[in-house]
Amino acid sequence: MSRRAALTVAFGLAALLIAPARAQDTFKIGLIVPMTGGQASTGKQIDNAIKLYMQQKGDTVAGKKIEVILKDDGAVPDNTKRIAQELIVNDKVNVIAGFGITPAAFAAAPLATQAKIPEIVMAAGTSIITERSPYIVRTSFTLAQSSTIIGDWAAKNGIKKVATLTTDYAPGNDALRFFKQNFTAGGGTIVEEVKVPLQNPDFAPFLQRMKDSKPDAMFVFVPAGHGGNFMKQYAERGLDKAGIKVIGPGDVMDDDLLNNMGDAALGAVTAHLYSAAHPSQMNKDFVAAYKKAFNNRPGFMAVGGYDGIHLIYEALKKTGGKTDGDSLVEAMKGMKWESPRGPISIDPETRDIVQNIYIRKVEKVDGELYNVEFATFEAVKDSGKTKK
């Protein structure tokens, strides 16, 4: 072999040895969220919040370069499954994250288990999600957390008769079940119960039924992104003029859309994990930074994404850069930190989020609509699990 050929072989071998080392120094996050369709605001908020966090904290953790691979599943579970598989097999991601709706989180769960990599749920809110895989950890919320609290509040605050309108899929069913359970236990009555489809819902026909049943209030759950359309039709049908107030979990009054809902939203009382008006200094800084970067107000989905990427960063630090799924999930269990929403932690038993739930009322502040918090329930766990 000539000297030149020998050198070429030697350099080739060196390149092969260096390449895997470089690959191991990159930590890949497959972010699967809806960037198009009815849930697009969910995906955009999560993507924005992750970008903001990485701008603030840098893109290197425990010697690993963080790379986020964004994929749009359009909130279609078949797409989620296919994308998750491609990310795991072809892109060799270390974590899959996002999941705008419950069926999407469900679709990816068996793949996370099989690949033994964490699935960080930053949006979807059905109670049983974390039971679908030992690798699922959630930084968003569960409907049980907010719906039980608004049910208790309504029964104790002079609301006797309620009509319910919920989206007909797992989170809507959770919201309805937990609200009914607590509201009726407190002496309240459900006078009308309506379920609307998840895809392209038209609320108008159902709203007339709500109006005719003459309730004191209307309990509403629609997923993030659908609240604006709902409130538009609520006002058009004159339910605000009829004195029928909106109550529910806070999804319907998402900060991302609230300002465009108009005065019909004034007085709506919801229980939720986050408001852009939350008075902590950390949240004021978060809102200011988010507005500056994206010219929009962050909503609760943005906070789910912001805390989700924080959880991944902190788990990597805690493992000293170990990237296997078992080490990462173990590091995440029991983790506690201060979020823009307030103090939060990951329940070590359920891998679900524990957080404050706030009761808020839509008010005008400096000419803008905000969910103004007036009561706090601290360190709320998912009652869907605590009773099992």
Side-chain angles (χ1 to χ4, degrees), residues 125 143-169 171-198 201-255 257-258 260-272 275 300 357-363 369 371-372 374-375:
L143 269 307
Q145 287 174 320
S146 47
S147 298
T148 51
I149 284 169
I150 197 68
D152 289 338
W153 181 87
K156 288 172 184 168
N157 284 273
I159 295 173
K160 304 291 184 196
K161 296 189 299 177
V162 168
T164 68
L165 183 146
T166 53
T167 301
D168 192 10
Y169 75 134
N173 297 336
D174 266 11
L176 177 62
R177 175 162 65 99
F178 288 108
F179 171 76
K180 264 171 78 171
Q181 165 193 295
N182 286 46
F183 180 61
T184 55
T189 306
I190 307 292
V191 294
E192 183 70 67
E193 200 174 294
V194 162
K195 293 187 176 185
V196 298
L198 175 61
D202 178 12
F203 301 107
F206 304 116
L207 287 166
Q208 191 57 49
R209 277 171 59 184
M210 304 275 115
K211 196 175 177 182
D212 293 345
S213 67
K214 295 185 169 59
D216 301 320
M218 188 176 167
F219 173 85
V220 180
F221 167 79
V222 293
H226 288 192
N229 184 30
F230 167 77
M231 286 307 296
K232 178 173 173 278
Q233 295 188 337
Y234 165 88
E236 285 170 355
R237 290 276 163 166
L239 274 80
D240 54 333
K241 303 286 190 298
I244 301 168
K245 288 294 181 196
V246 172
I247 62 171
D251 311 66
V252 67
M253 293 295 154
D254 188 358
D255 273 292
L257 306 171
L258 184 59
N260 297 322
M261 291 184 190
D263 289 354
L266 285 167
V269 174
T270 54
H272 213 38
S275 166
F300 68 101
I357 297 294
Y358 308 93
I359 301 188
R360 317 94 50 82
K361 187 176 187 179
V362 176
E363 295 178 9
L369 297 181
N371 293 295
V372 177
F374 63 86

request  = Over all heavy atoms of both residues, which pair between Thr148 and Gln181 is shortest? Give the atoms and the distance, please.
outcome  = CG2-NE2, 4.3 Å

message = Restricting to side chain to side chain donor-acceptor pair (under 3.5 Å), what partner residues turn up for His272, sequence neighbours left out?
response = none

query = How long is the gap from OG1 on Thr184 to CZ on Phe179, to the nearest 0.5 Å?
reply = 8.5 Å

note = Heavy-atom closest pair (Phe221 atom, Gly172 atom, distance to 0.1 Å) is CD2-CA, 3.4 Å

task = Taking side chain to side chain contact (heavy atoms under 4.5 Å, CB included) as the test, write out the residues that go with Lys232, two or more places apart.
result = Glu236

message = Can you list everything that forms a side chain to side chain donor-acceptor pair (under 3.5 Å) with Asp255? Sequence neighbours excluded, please.
response = Arg297

task = Any chance you could measure Phe300, atom CZ, to Ser146, atom OG, to the nearest 0.5 Å?
result = 9.0 Å

key: Residues that Asp202 engages under salt bridge (charged side-chain N to carboxylate O under 4.0 Å, His left out), provided they are two or more places apart   = none

ask   = Are the side chains of Pro249 and Leu143 in touch, meaning some heavy atoms are under 4.5 Å apart?
value = yes

ask   = Does a side-chain heavy-atom distance below 4.5 Å link Ile190 with Thr164?
value = yes

remark   = Hits for ring pair (Phe, Tyr, Trp, His ring centres under 6.0 Å) against Phe203, two or more places apart or cross-chain, chain-then-number order -> Phe230

query = Looking only at atom types and distance, does a side-chain atom of Ser147 sit under 3.5 Å from a main-chain N or O of Ala144, one as donor and one as acceptor?
reply = no

ask   = Considering only heavy atoms from C-beta outward, does the side chain of Asn371 approach that of Thr270 to under 4.5 Å?
value = yes

remark   = CD1 of Ile150 to CD1 of Ile247, rounded to nearest 0.5 Å, is 5.5 Å

task = Nearest 0.5 Å please: distance from the NZ atom of Lys361 over to the OG atom of Ser275.
result = 14.5 Å

inquiry  = For Gly262 versus Leu369, what's the shortest heavy-atom pair and its separation?
reply    = O-CD1, 3.3 Å

Pairwise distance NZ(Lys214) to CG(Asp212) - rounded to 0.5 angstrom = 6.5 Å

note = Rounded to the nearest 0.5 angstrom, the CG-CG distance for Asn157 and Asp216 is 12.0 Å

query = What's the shortest heavy-atom distance between Pro201 and Asn229, and which atoms?
reply = O-ND2, 3.6 Å

Those residues that, when tested against Ala242, pass side chain to side chain contact (heavy atoms under 4.5 Å, CB included) (two or more places apart) = Lys211, Ile244

Residues Lys245, Val269; criterion side-chain contact (heavy atoms from CB on, under 4.5 Å); working and verdict = CA-CA 8 Å; Lys245 288 294 181 196; Val269 174; over 6 Å; no

request  = Using ring pair (Phe, Tyr, Trp, His ring centres under 6.0 Å) as the criterion, list what pairs up with Tyr358, not counting sequence neighbours.
outcome  = His278

inquiry  = Counting C-beta onward and ignoring hydrogens, is there a side-chain heavy-atom pair between Gln208 and Arg237 closer than 4.5 Å?
reply    = yes

ask   = For Phe178, what residues pass the ring pair (Phe, Tyr, Trp, His ring centres under 6.0 Å) criterion, not counting sequence neighbours?
value = none

inquiry  = If we check side-chain contact (heavy atoms from CB on, under 4.5 Å) with Pro223, which of these qualifies: Leu198, Asp251, Val252?
reply    = Leu198

query = Taking only residues at least two apart or on different chains, which pairs with a member in residues 145-168 satisfy salt bridge (charged side-chain N to carboxylate O under 4.0 Å, His left out)?
reply = none

task = Specify the closest pair of heavy atoms between Ala265 and Leu258, including all atoms of both residues, with the distance to one decimal.
result = CB-CD1, 4.3 Å

query = Does anything in residues 173-192 pair up under salt bridge (charged side-chain N to carboxylate O under 4.0 Å, His left out), and if so which pairs, sequence neighbours excluded?
reply = Asp174-Arg177, Lys180-Glu193, Glu192-Arg209

key: Contacts of Ala264 that satisfy side chain to side chain contact (heavy atoms under 4.5 Å, CB included) - sequence neighbours left out   = Met231, Tyr234, Ala235, Asp240

query = Side-chain contact, heavy-atom cut-off 4.5 Å: Val162 with Met218?
reply = no

inquiry  = Testing the basics here: between Lys195 and Asn173, what is the closest heavy-atom pair and its distance to 0.1 Å?
reply    = NZ-OD1, 3.0 Å

request  = Check side chain to side chain contact (heavy atoms under 4.5 Å, CB included) between Leu257 and all other residues, then give those that pass, not counting sequence neighbours.
outcome  = Met261

